[in-house]
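To start, the structure itself, in structure tokens.
Residue numbering restarts at 1 for every chain, and letters A, B, ... go by the order of the sequence lines.
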Protein chains: 2
Amino acid sequence: MVTIYDIAKEANVSPATVSRVLNRQGNVRDETAQKVLKVAKKRNYSPNTMARSLRTKKTNLIGLIIPDIENPIYPAPVRGIQDVANRKDYSVIIHSTDGDERKEIDTIRRLTAVGVDGLIINISEACTLLVEEIRRLRRISLPVVALGPWHPDLEIDCVSVNNEKGAYMATEHLLKLGYHKVAIIKGPEGNISSRERFLGYKKAMEDYCEPISEGMISEGNFKLGSGYKAAKRLIEKNKLDAIFCVNDVMALGAMAAIREEGLRIPDDIALIGFDDIELANLSRPSLSTVAQPKYETGKIAAELLFKQIEGKLSSGKYYSIEPNLVIRETTLKVKEMTTT
Amino acid sequence: MVTIYDIAKEANVSPATVSRVLNRQGNVRDETAQKVLKVAKKRNYSPNTMARSLRTKKTNLIGLIIPDIENPIYPAPVRGIQDVANRKDYSVIIHSTDGDERKEIDTIRRLTAVGVDGLIINISEACTLLVEEIRRLRRISLPVVALGPWHPDLEIDCVSVNNEKGAYMATEHLLKLGYHKVAIIKGPEGNISSRERFLGYKKAMEDYCEPISEGMISEGNFKLGSGYKAAKRLIEKNKLDAIFCVNDVMALGAMAAIREEGLRIPDDIALIGFDDIELANLSRPSLSTVAQPKYETGKIAAELLFKQIEGKLSSGKYYSIEPNLVIRETTLKVKEMTTT
DNA sequence: ACTTTTTATGAAATAGATTTCATGAAATAG
DNA sequence: CTATTTCATGAAATCTATTTCATAAAAAGT
């Protein structure tokens, strides 16, 4: 590999001058600069990033920690992040940690050791060790932004859909359509998004004076199979005419279960999800859902991160993204015949 | 940040000894080692990766270049790569380049400057500049493996589904079912995967003595809308009773087009795709397709890369992954009534 | 014409590890 | 009991770029 010294020797100048030319720091005679540039180009010189980073404490790398790139809600925000990073000549290191606290902490350690200039994290459960680790990042003043819901007392920038509002919209939509016994399939207890969405659901039901009985609440783990099973459990208890699922993937599982029970969608049971994954529009019947501008969310998170990287003024703000109700076939038909 | 010198001073040894202890290189008295370890732990020492990399020429980073993480065929292999990399204490830098040659070359440059220990690339068209760039990588003996089809004269390891065989299987499946006029929706001309799949299709048609007329070949760009339009063009020419699409996404587009034309699947037109994306199983009717073990493909590519990183013996082998025929509803019903 | 400022440059220090080489001590061999 | 090998350790070199400091030359000011 050709170094700055090789260039210096060949151009009959000192390494310092070469460095100055290559970083266009001025204070170099134009003639000298041209000479250096010519040699550098000729020898196809490319600076050694490690050496540079060692000196400047900048790596032009950012880290991204998500539970699982295979989960269809992540590719879009990831792409948003990549696009803004790449435009700024940054690369992004991505880790999938399966929401496993141990892995998350290890990854944060690893990335700080690598010397990333900033970190975007999507963490579903705020366990104590993890919170402590993130506090440490604040102390060494490493720019961090949270993608998705986050602890209110942890003062970091955060960008997330308004989960509660989205869930409220979905539930209200069903209620307005004339459904009364709206069941919910939620996520694991510790999951923050699921908790927020559950809150929105509860609020809507209360506002419309619909009671929520025990048999109307079921729990899954965000995966297809769990949605299927949760729906079966709900149908068995027979106390519902609509289901709100806290994510689309489980909704699709529920759809299979409902179909298997010989019930029609939306005539017997209406169904609505959350996320608006690509699949939602392509399933039959197509799935009504709450959309979040996923690419945008990633983009905003990255922009926030770079604002910190460039200016160091992290505000600990919460950027709430407005959800969007997408009405498709699973909630299409109005059910007024039963109420009239 | 605490350095090796701080540890050395506090433990009353030289930095050299600290380094030896921390890298468990032996030749250190046990007592000394314990002392160093204790101080290191107490001061929460973590080595500066840039400094280390500068000396050792190893970054524990690998690069991954794909067209677009949002394309549903990529998340699974990406996860496969992440998993084997992370297990070896490596991180992976991912770039989406949209198959744009300029971006691909720039990214390769950028990643080599960062000093990645290896590179996995998925490049759909083998343009000359790009090929030249990859030759350069070989010259500086940077481990590289291609994910997906690749130039035969470029001597790098490559792991890919057997595209031709998969396409043959799909086409043969339709032909055996009694369909005769099997049309194809292929990808852009330069795309290697598409070309290979087209070859398999052609071979099957020839083997079964079915002529391929002009009106039976249509072209898309792998995206949903292009599949829709291509199918419309085919139906207009009215010379088909089945369609093989070189990817599932276009097949789903075609499905929408066929439905819109008032035709039934598979009764009027049978349909088969390629890739087996998650959507394929969830669409109605569910889509028959050719599956490739996507996670596995990524995993194998990464393992190959690490074999090179560790041993430096790159073989330029072609690892062919066996495709799998997945029969679902779009090719379910046998069409023998028309032939008998 | 002489001092002061500005400009262009190089030598050397620096970043934080790893590694080579040298050395004294301890262990083993003859 | 010497001679040789092995072991444990530290000093210094190294990796490659950036940056500070010093200096000489040129330009500007009085």
Side-chain angles (χ1 to χ4, degrees), chain A residues 1-37 39-41 43-61 89 109-117 140, chain B residues 1-37 39-40 43-61 89 109-117 140 142:
Chain A
M1 276 280 93
V2 34
T3 76
I4 209 171
Y5 292 93
D6 303 325
I7 307 295
K9 196 182 286 179
E10 195 167 332
N12 266 90
V13 293
S14 73
T17 301
V18 176
S19 174
R20 277 190 278 258
V21 171
L22 265 27
N23 293 295
R24 20 193 86 63
Q25 287 183 274
N27 275 29
V28 179
R29 224 171 26 160
D30 199 53
E31 191 192 346
T32 316
Q34 292 310 320
K35 200 167 52 178
V36 169
L37 253 21
V39 176
K41 169 155 266 179
R43 300 292 305 274
N44 210 324
Y45 171 77
S46 150
N48 180 314
T49 313
M50 292 157 265
R52 168 178 290 175
S53 297
L54 180 56
R55 196 74 234 272
T56 61
K57 264 95 185 61
K58 272 197 67 193
T59 52
N60 277 42
L61 294 171
D89 206 32
R109 290 255 164 84
R110 166 131 241 292
L111 290 176
T112 55
V114 166
V116 293
D117 295 341
I140 63 173
Chain B
M1 276 278 97
V2 34
T3 77
I4 209 171
Y5 293 93
D6 302 326
I7 307 295
K9 194 182 287 180
E10 195 166 332
N12 264 89
V13 294
S14 74
T17 302
V18 176
S19 174
R20 276 189 279 258
V21 172
L22 265 26
N23 295 295
R24 22 191 86 62
Q25 287 183 276
N27 274 28
V28 178
R29 222 168 32 153
D30 199 53
E31 191 192 346
T32 316
Q34 291 311 321
K35 200 168 50 177
V36 170
L37 252 21
V39 176
R43 301 290 306 273
N44 209 325
Y45 170 77
S46 151
N48 180 315
T49 314
M50 293 158 262
R52 169 180 289 173
S53 298
L54 181 57
R55 192 75 236 272
T56 60
K57 267 91 185 60
K58 274 195 66 192
T59 52
N60 276 43
L61 293 172
D89 206 32
R109 291 257 164 83
R110 167 131 240 291
L111 291 175
T112 55
V114 167
V116 293
D117 295 341
I140 63 175
L142 182 81

Side-chain-base donor-acceptor pair under 3.5 Å for A:Arg55 and C:dG16: no
Spacing of A:Met50 atom CE relative to C:dT18 atom C1', expressed in whole Å: 14 Å
C:dT18 OP1/OP2 closer than 4.0 Å to side-chain N/O of B:Lys58: no
Candidate list A:Asn23, A:Asn60, A:Thr59, test side-chain contact (heavy atoms from CB on, under 4.5 Å), partner A:Arg52, passing option: A:Asn23
Atom pair distance, as rounded to whole Å: CD1 in B:Ile4 and P in D:dG10: 12 Å
d(NZ, A:Lys9; C1', D:dT16) in whole Å: 15 Å
Phosphate-side-chain proximity, B:Thr32 and D:dT9, N/O vs OP1/OP2 below 4.0 Å: yes
Sugar-phosphate only, base, or nothing, as touched by B:Val13 at under 4.0 Å among non-hydrogen atoms: sugar-phosphate
Sugar-phosphate only, base, or nothing, as touched by B:Ser19 at under 4.0 Å among non-hydrogen atoms: base
Value rounded to 0.5 Å, distance of CZ in B:Arg110 from CG in A:Asp89: 4.5 Å
Base-pairing mate for D:dA11 - Watson-Crick or G-U, with both contacts under 3.5 Å: C:dT20
A:Asn12 side, atom CG; A:Thr17 side, atom OG1 - distance, nearest 0.5 Å: 11.0 Å
Touch class at under 4.0 angstrom, heavy-atom based, for A:Asp6 against every strand present: nothing
hbond_proxy A:Arg52 side chain to D:dT18 base (donor-acceptor, 3.5 Å cutoff): no
Rounded distance (Å) that lies between atom P of D:dA8 and atom CD of B:Glu31: 12 Å
Between P of C:dT6 and CG of A:Asn27, the distance in whole Å: 12 Å
Touch class at under 4.0 angstrom, heavy-atom based, for A:Asn48 against every strand present: sugar-phosphate
Steps toward side-chain contact (heavy atoms from CB on, under 4.5 Å) verdict (B:Leu22, B:Leu37): CA-CA 8 Å; B:Leu22 265 26; B:Leu37 252 21; 3.9 Å; yes
Side-chain N or O of A:Tyr5 closer than 4.0 Å to phosphate OP1/OP2 of D:dT14: no
Of B:Val28 and B:Lys57, the one whose closest DNA chain D nucleotide lies more 5': B:Val28
Non-hydrogen side-chain atoms of A:Leu61 and B:Leu61 separated by less than 4.5 Å: yes
B:Asn23 side chain near C:dT18 phosphate (N/O to OP1/OP2, under 4.0 Å): yes
Sugar-phosphate only, base, or nothing, as touched by B:Thr49 at under 4.0 Å among non-hydrogen atoms: nothing
Nearest listed nucleotide, side chain of A:Thr56, among D:dT18, C:dT9, D:dA11: D:dT18
Residue whose nearest DNA chain C nucleotide is more 5′ - B:Leu54 or B:Gln25: B:Leu54
Interatomic distance where CZ belongs to B:Arg20 and P belongs to C:dA17 [whole Å]: 16 Å
Residue closer to the 5' end of DNA chain D, B:Asp30 versus B:Ala51 (nearest nucleotide): B:Asp30
Residues, nucleotides or ligands: over 12 heavy atoms within 6.0 Å of B:Glu31 CD: no
Distance test, side-chain N/O of A:Thr17 to OP1/OP2 of C:dG10, below 4.0 Å: yes
Any A:Arg29 side-chain nitrogen or oxygen under 4.0 Å from OP1 or OP2 of C:dT9: yes
Watson-Crick/G-U partner (both atom distances under 3.5 Å) of C:dG30: D:dC1
Proximity to the side chain of A:Ala16 - top-ranked nucleotide from D:dT16, C:dA12, C:dA17: C:dA12
